[in-house]
Amino acid sequence: MHLLTTLLLLSTTAPLLTTAYSIPPNLSALYNKHKSKPCTHPLATGFHDGQNPTDSTFTYCSDLSNRSIFLHSPTLGGRYDNMDIDCDGANSHGGNCGYDESIQDQTSFKDIVSSQYGIPDLDANIHPYVVFGNTDYDPQRDGMWPLSVMVVVCGDQLFYGIWGDTAGGSWTGEASIALAKLCFPGDGISGNNGHVSDDVLYIGFVGGEAVPGNRADWKAGSTWEFEESIRALGERLVATLT
Ligand SMILES: *[C@@H]1O[C@H](CO)[C@@H](O)[C@H](O)[C@H]1NC(C)=O
Ligand SMILES: *[C@@H]1O[C@H](CO)[C@@H](O)[C@H](O)[C@H]1NC(C)=O
């Protein structure tokens, strides 16, 4: 009887617990191949991962394809980037964000979000956004569009994100707390506790095709609902990587 109850519970709750996409073999191969390989088509370099500001070896690289951009450092055997926590935007002190003085009450593309998508701003506790681009490097220069879909390989899983914020200075490797909790659910993620290893692959895509527009569920009540709304587009973008 206990077994039966357990099985019934599992079968009714399992769909709600499904909160990760598996990495297609091709993407897994690309992850392994490019991690140790120095970037041969750098778009901009001189960035750091926030942990060691004097290590300015992090580079925006387009080796995966001329239609995509990812972060990489050639040192220490080759690294991607880490995942510091961003809580900027609506509800910036909600959830486990806390009151860190670095929190800003708006994200970089707030004007577009509010004028086109019917919400006042991105919510770091709901929207899985990636912080990409810096004071000295705007990915729009190489053709990325604001609020386009990004591919994120983290914790041996695959998720889709939105390019939703930019960083001042040279700091890279940052994502909304919602995305960090998807990537590292057991790690006690909070406003001042992110993921320190430089093993997260962030890939942005060039061109308007990567913009989900109103196909994305901007008013989603949960991160997973939002993920599902950009999944089809994310899969198409993954398939373009060679
Ligand atoms: C793609 O190639 C063109 C022409 O060389 C270059 O201007 C552009 O910056 C490249 N884009 C990326 C993302 O590498
Ligand atoms: C995976 O890689 C193989 C070999 O490079 C290629 O033929 C195939 O089309 C790729 N599949 C996808 C889904 O990208």
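Since this is a predicted model, take the numbers as computed values, not measurements. Start at 1 and go down the list; that is how both ligands and their atoms are numbered.
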On the 0 to 90° scale, with breaks at 30° and 60°, tag the Y21-Y160 ring pair as parallel, tilted or perpendicular.
-> tilted
E209/R236 ion pair, N-O < 4.0 Å = no
Using a strict 4.0 Å threshold on nitrogen-to-oxygen distance, state whether E235 and R231 make a salt bridge.
-> yes
With S148 as partner, the option from L233, I162, V211 fulfilling side chain to side chain contact (heavy atoms under 4.5 Å, CB included) is V211
Of L43, L64, N66, the residue with the heavy atom nearest atom 8 (C) of ligand 1 is N66
Using distance alone, determine whether S62 and ligand 1 share an N or O pair under 3.5 Å.
-> yes
Protein heavy atom under 4.0 angstrom of atom 10 (C) of ligand 1, is there one?
-> yes
Is D142 close to ligand 1, meaning an N/O of one under 3.5 Å from an N/O of the other?
-> yes
